[in-house]
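Written below as structure tokens is the structure these notes are about.
Excluded from the calculations below are hydrogen atoms, water molecules and symmetry mates; all remaining heavy atoms, backbone and side chain alike, are included.
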Amino acid sequence: MTTRPNSTQKRALRRIIYKRDNGRCRLCFQPVGFEESTLDHITPKSEGGGFEPGNIRLAHKRCNEGRGVLPTKQAPARLSLGTLGHPSQH
């Protein structure tokens with residue numbers, strides 16, 4: 001899916017990614033509830049990254065915001081929980 005999905009499609013895609021990633025944030029590797037999860041683009045949309053499952057991973061909203069728009073090769077492999085704090089602590 002290269003075009004931006006509508007809200008129904010995005011929620012369905014999030015369910016697929018949530019199952020695939022076993023309910024774990026792929027940035028901090030901690031469990032994340034479905035409602036607290038977001039889709040993180042490995043290659044940012046601004047860099048031409050699409051909505052294909054191979055370019056999307058599950059993330060806590062806070063972890064995803066902390067990563068910003070950096071492509072994976074420039075972002076830390078694992079964001080420091082000491083820097084961001086775990087979302088369950090906020």
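Rounding to the nearest 0.5 Å gives a distance of 12.5 Å between CD1 of Ile17 and NZ of Lys10. Between Phe34 atom CZ and Arg11 atom CZ the span is 4.5 Å, to the nearest 0.5 Å. To the nearest 0.5 angstrom, Asn64 atom CG is 9.0 Å from His41 atom NE2. Distance check: Leu27 CG to Arg62 CZ gives 13.0 Å after rounding to the nearest 0.5 Å. In this structure, CG on Asp40 lies 8.5 Å from CG on Asn55, to the nearest 0.5 angstrom. In this structure, CZ on Phe29 lies 12.0 Å from NE2 on His60, to the nearest 0.5 angstrom.
With contacts defined as side-chain heavy-atom distances shorter than 4.5 Å, the pair Asn6/Gln9 qualifies.
Between Arg14 and Glu36 no salt bridge is recorded (no basic side-chain N to carboxylate O distance below 4.0 Å).
In summary, of the residues considered (Glu52, Arg57, Glu47), a side-chain contact (heavy atoms from CB on, under 4.5 Å) with Ile42 occurs for Arg57 alone.
Scanning all heavy atoms of the two residues, the minimum distance from Ser37 to Leu58 falls at CB-CD1, 3.5 Å. Closest non-hydrogen pair, Tyr18 versus Val32, comes out as OH-O, 2.8 Å.
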